[in-house]
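Okay, so here's the structure we're looking at.
Computed over heavy atoms, backbone and side chain alike; hydrogens, waters and symmetry mates excluded.
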Amino acid sequence: MQELHNLILYNILEMAKLSHLLILHCWSKDYFAQLAESRNLFTQFKSINSHMGIEESFIKHDMLKMALFLDINCNQSCSILNMASDKRLFSHRYHWLIYDGFNNFSKMKTQFEKTKFFIDADVTYVMKNPSGNSLILYDLHNKGLQLGGKLNITADRVVSCNNQTCQLERYLTDFYTRKPLQHRKSLTGLTMKATAVVNFLPKNSSKEEILAFMENIDHVHVDTYARMGYQSRQPLRDMLDCQFDYIFRDRWTDDGNVTGGMIGDLITDVADISIAPFIYSFERGLFLQPVTRFSVFREICMFRNPRSVSAGLSATEFLQPFSGGVWLTFALLLLFAGCLLWITFLLERRREWKPSLLTTCLLSFGTGCIQGAWLTPRSTGGRMAFYALMVTSFLMYNYYTSIVVSKLLGQPVKSNIRTLQQLADSSLEVGIEPTVYTRTYVETSEKRDVHSLYLNKVVGSKRSPDQIWLTTEAGVKAVRDNAGFVYIAGVATAYEFVRKYFLPHQICELNEIPLRDASVTHTVVVKGSPYAELFRLNEMRMLETGVHLKHELYWMKTKLHCYQHNHTVAVGLEYAAPLFIMLLGAMIVCVGVLALEVLWHRHTTLH
């Protein structure tokens with residue numbers, strides 16, 4: 001018995017490096033008195049002569065991993081193993097040390113042939129060496145009974161134990177040189193269940209038609225995430241060296257967010273892996289766990305500036321270079337210069353015709369507008385003052401024109417509509433991409449701004465549904481051709497047509513409002529999946545080597561380049577209209593003043 005004590009300590013402390021042990025036995029507890037006194041191992045004992053409470057002892061613990069010792073020759077051992085198989089206890093959370101003192105190899109093989117071992121199982125089976133006093137430790141695992149896998153029994157090492165300690169005699173395999181998943185990573189000959197979603201084809205399409213569609217690389221805007229997931233999973237399938245048996249669905253989930261569709265297949269163990277990625281949420285986090293990053297998911301409301309919004313009929317563009325104080329100071333300066341010119345002409349032209357004060361102020365204003373003057377002073381002092389006025393006007397004019405030109409010919413002004421609520425309250429027409437995830441979010445979201453957008457632009461719209469739910473290509477063209485038309489779509493699909501149909505400078509005119517917060521989609525598996533770590537290691541390998549990035553860059557267009565200086569900008573009437581309006585107003589004022597002068601002249605002539 002002392003040798004068995006030392007074997008347990010050697011296996012649990014040195015090989016498994018664990019500190020918590022549950023012993024399932026049918027012996028007297030006195031046999032384990034010395035083991036219980038071990039300071040490095042917290043030990044619990046459970047007699048399996050009675051079967052009460054065993055399930056609770058197995059399942060309810062908060063440790064990352066626990067060790068279990070079982071004597072397979074006890075009467076209740078078969079019941080314990082069957083229960084552990086049903087409860088999925090042969091997994092990475094438990095280290096099993098199974099002792100067979102009778103060396104019944106055929107019984108062991110029969111017992112574990114149909115046991116639900118998993119690829120991450122940690123089971124060590126111990127038998128006595130027939131040719132000596134040593135013990136042989138076997139590694140037991142099955143890469144997937146439900147996948148068609150068979151029991152794998154491998155003699156790992158030979159250990160000799162005495163009354164003091166246990167020592168390693170020799171290794172029988174090279175398992176000790178690597179992690180268990182490294183020599184179990186090949187699933188040759190097995191078939192995994194893979195669930196996928198297809199929205200483009202009818203439900204009654206044959207599997208051959210669906211597979212041909214998924215393998216096609218044309219029209220990347222159609223079922224983008226599903227087809228990208230399918231094609232990026234092919235290298236994973238090759239790395240696992242297995243086959244995929246596909247289950248095709250027409251949706252990701254039902255209204256419950258965790259039932260039906262692909263997620264339902266994962267949660268109910270119908271499938272082992274999903275082809276398309278998922279957005280990780282709180283409800284899904286109760287049943288699923290993320291494995292690796294897959295791609296960026298972002299949905300936007302895009303539109304070009306309507307003319308009335310971008311420019312309008314205001315003169316602000318022509319007044320903004322200077323503040324109100326600068327304009328007032330410059331006007332007073334021109335008025336003061338007109339008065340000085342009037343005094344100068346009075347002193348210079350004593351016997352000749354002298355211009356009036358209004359005429360000299362008009363000369364000063366013309367000089368300020370860089371129009372020159374038809375009448376100039378004769379004296380040196382007067383001309384020096386006139387030069388100073390022209391230099392000041394020249395500097396003001398150059399600064400003013402540089403600001404105005406850069407503003408009119410520079411980057412287009414963005415719209416004042418910056419939030420989803422402002423868009424919902426505006427008069428702009430809206431089109432929506434009819435993809436499943438976009439339509440479901442717009443129609444069912446409980447956020448106030450999204451719900452307001454749906455009520456105002458969809459439910460309360462007078463347009464027909466076919467004018468609201470537009471295909472991606474038609475929606476992007478409508479944004480290009482109709483300034484102020486808003487199209488709601490995912491960037492992965494919409495940007496493909498923006499790059500195709502928009503000129504480079506037109507891309508700079510696009511306004512974008514996020515429909516929802518940008519998020520990252522993940523590859524997910526059901527919680528407790530034995531293949532989670534295997535998937536993670538292989539997909540991390542694809543991320544590191546750029547295999548996944550190659551697929552992502554081909555299928556996902558998530559960035560646009562704005563080239564605003566590659567064309568000649570034509571200032572439209574919407575920008576020049578304020579100037580013509582100002583000119584028209586000045587003409588009306590001038591005609592009014594002329595009419596007053598005519599009336600005044602007639603009045604003075606009659607009297």
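Among pairs with a residue in residues 376-392, those fulfilling salt bridge (charged side-chain N to carboxylate O under 4.0 Å, His left out) read Glu352-Arg378, at least two apart in sequence or across chains. The side chain to side chain donor-acceptor pair (under 3.5 Å) analysis of residues 213-227, with sequence neighbours excluded, yields the pairs Glu215-Tyr230.
No donor-acceptor distance shorter than 3.5 angstrom exists from the side chain of Thr440 to the backbone of Tyr437, with no hydrogens or angles considered. For the pair His522 (side chain) and Val520 (backbone), a donor-acceptor distance under 3.5 Å is present. Judged purely by atom type and a 3.5 angstrom limit, Ser445 has no side-chain atom pairing as donor or acceptor with the backbone of Val442. A donor-acceptor pair is defined here as one N or O able to donate and one able to accept, closer than 3.5 Å; no such pair exists between the side chain of Arg463 and the backbone of Lys457.
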Using residues 327-339 as the side-chain source, report each donor-acceptor pair under 3.5 Å to any protein atom, sequence neighbours left out, with the distance given to one decimal.
from: Trp327; atom 1: NE1; to: Leu319; atom 2: O; distance (Å): 3.2
from: Trp327; atom 1: NE1; to: Phe322; atom 2: O; distance (Å): 3.3
from: Thr329; atom 1: OG1; to: Gly325; atom 2: O; distance (Å): 2.8

Donor-acceptor pairs are to be reported for all side-chain atoms of residues 486-498 against protein atoms at under 3.5 Å, with residues two or more places apart or in another chain.
from: Tyr487; atom 1: OH; to: Leu470; atom 2: O; distance (Å): 2.9
from: Tyr487; atom 1: OH; to: Thr471; atom 2: O; distance (Å): 3.1
from: Tyr487; atom 1: OH; to: Thr472; atom 2: N; distance (Å): 3.3
from: Thr493; atom 1: OG1; to: Glu433; atom 2: OE1; distance (Å): 3.4
from: Thr493; atom 1: OG1; to: Glu433; atom 2: OE2; distance (Å): 2.8
from: Thr493; atom 1: OG1; to: Gly490; atom 2: O; distance (Å): 3.1
from: Tyr495; atom 1: OH; to: Glu512; atom 2: OE1; distance (Å): 3.2
from: Tyr495; atom 1: OH; to: Glu512; atom 2: OE2; distance (Å): 2.4

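Rounding to the nearest 0.5 Å gives a distance of 7.5 Å between OG of Ser232 and CD1 of Ile275. For the atom pair Lys447 NZ and Leu515 CG, the distance stands at 8.5 Å (nearest 0.5 Å). With rounding to the nearest 0.5 Å, the separation of OG1 in Thr444 from NE2 in His451 is 11.0 Å. Here the SG-CG distance, from Cys301 to Leu428, works out to 11.0 Å after rounding to the nearest 0.5 Å. Taking CD of Glu597 as the reference point, atom CH2 of Trp600 lies at 11.5 Å (rounded to 0.5 Å). Distance check, rounded to the nearest 0.5 Å: CG of Leu363 to CG of Leu358 gives 10.0 Å.
Legend: residues meeting side-chain hydrogen bond (donor to acceptor under 3.5 Å, both in side chains) with Arg439, ordered by chain and number and at least two apart, are Glu443. With sequence neighbours excluded, no residue forms a salt bridge (charged side-chain N to carboxylate O under 4.0 Å, His left out) with Asp425. Arg237 pairs by the side-chain hydrogen bond (donor to acceptor under 3.5 Å, both in side chains) definition with Gln234, not counting sequence neighbours. For Glu539, the side-chain hydrogen bond (donor to acceptor under 3.5 Å, both in side chains) partners are Thr292, Thr523, not counting sequence neighbours. With sequence neighbours excluded, the residues that form a side-chain hydrogen bond (donor to acceptor under 3.5 Å, both in side chains) with Asn456 are Ser452. Every residue was checked against the salt bridge (charged side-chain N to carboxylate O under 4.0 Å, His left out) condition with Arg602, not counting sequence neighbours, and none meets it. In this structure, the salt bridge (charged side-chain N to carboxylate O under 4.0 Å, His left out) partners of Lys203, at least two apart in sequence or on a different chain, are Asp250. The salt bridge (charged side-chain N to carboxylate O under 4.0 Å, His left out) search around Arg480 returns none, not counting sequence neighbours.
Within the 4.5 Å cutoff, the side chain of His548 has no heavy atoms near those of the Arg541 side chain. Side-chain contact check for Arg516 versus Phe297: some heavy-atom pair is nearer than 4.5 Å. Between Asp449 and Thr419, the closest side-chain pair of non-hydrogen atoms is not below 4.5 Å. With a 4.5 Å cut-off on side-chain heavy atoms, Leu560 and Met302 do not count as touching. Counting only heavy atoms from C-beta outward, the side chains of Tyr554 and Gln231 never approach each other to under 4.5 Å. Residues Glu533 and Leu537 form a side-chain contact, since some pair of their non-hydrogen atoms from C-beta on lies under 4.5 Å apart. Val479 is listed as a side-chain neighbour of Phe502, based on a closest heavy-atom distance under 4.5 Å. Side-chain contact between Leu240 and Asn538: present, with at least one pair of heavy atoms (C-beta onward) separated by less than 4.5 Å.
When the shell of 6.0 Å around CZ of Phe365 is examined, it contains 12 or fewer heavy atoms from other residues, nucleotides or ligands. Atom CZ of Arg418 has more than 12 neighbouring heavy atoms from other residues, nucleotides or ligands inside a 6.0 Å radius. Annotation for Trp555: atom CH2 counts as buried by contact number, over 12 foreign heavy atoms lying within 6.0 Å. In the displayed structure, Asp238 atom CG is contacted under 6.0 Å by more than 12 heavy atoms of other residues, nucleotides or ligands. Atom NZ of Lys527 has more than 12 heavy atoms from other residues, nucleotides or ligands within 6.0 Å.
Ser364 and Thr367 form no side-chain donor-acceptor contact under 3.5 Å, judged by distance and modelled atom types alone. A side-chain donor from one of Glu473 and Tyr501 sits under 3.5 Å from a side-chain acceptor of the other.
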Requested in this report: Please test Glu552 against Ser295 for side-chain hydrogen bond (donor to acceptor under 3.5 Å, both in side chains), starting from the C-alpha separation and ending with a verdict.
Outcome: CA-CA 7 Å; Glu552 186 175 2; Ser295 63; 5.3 Å; no
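By the 30° and 60° cut-offs, the orientation of the rings of Tyr246 relative to Phe248 is parallel.
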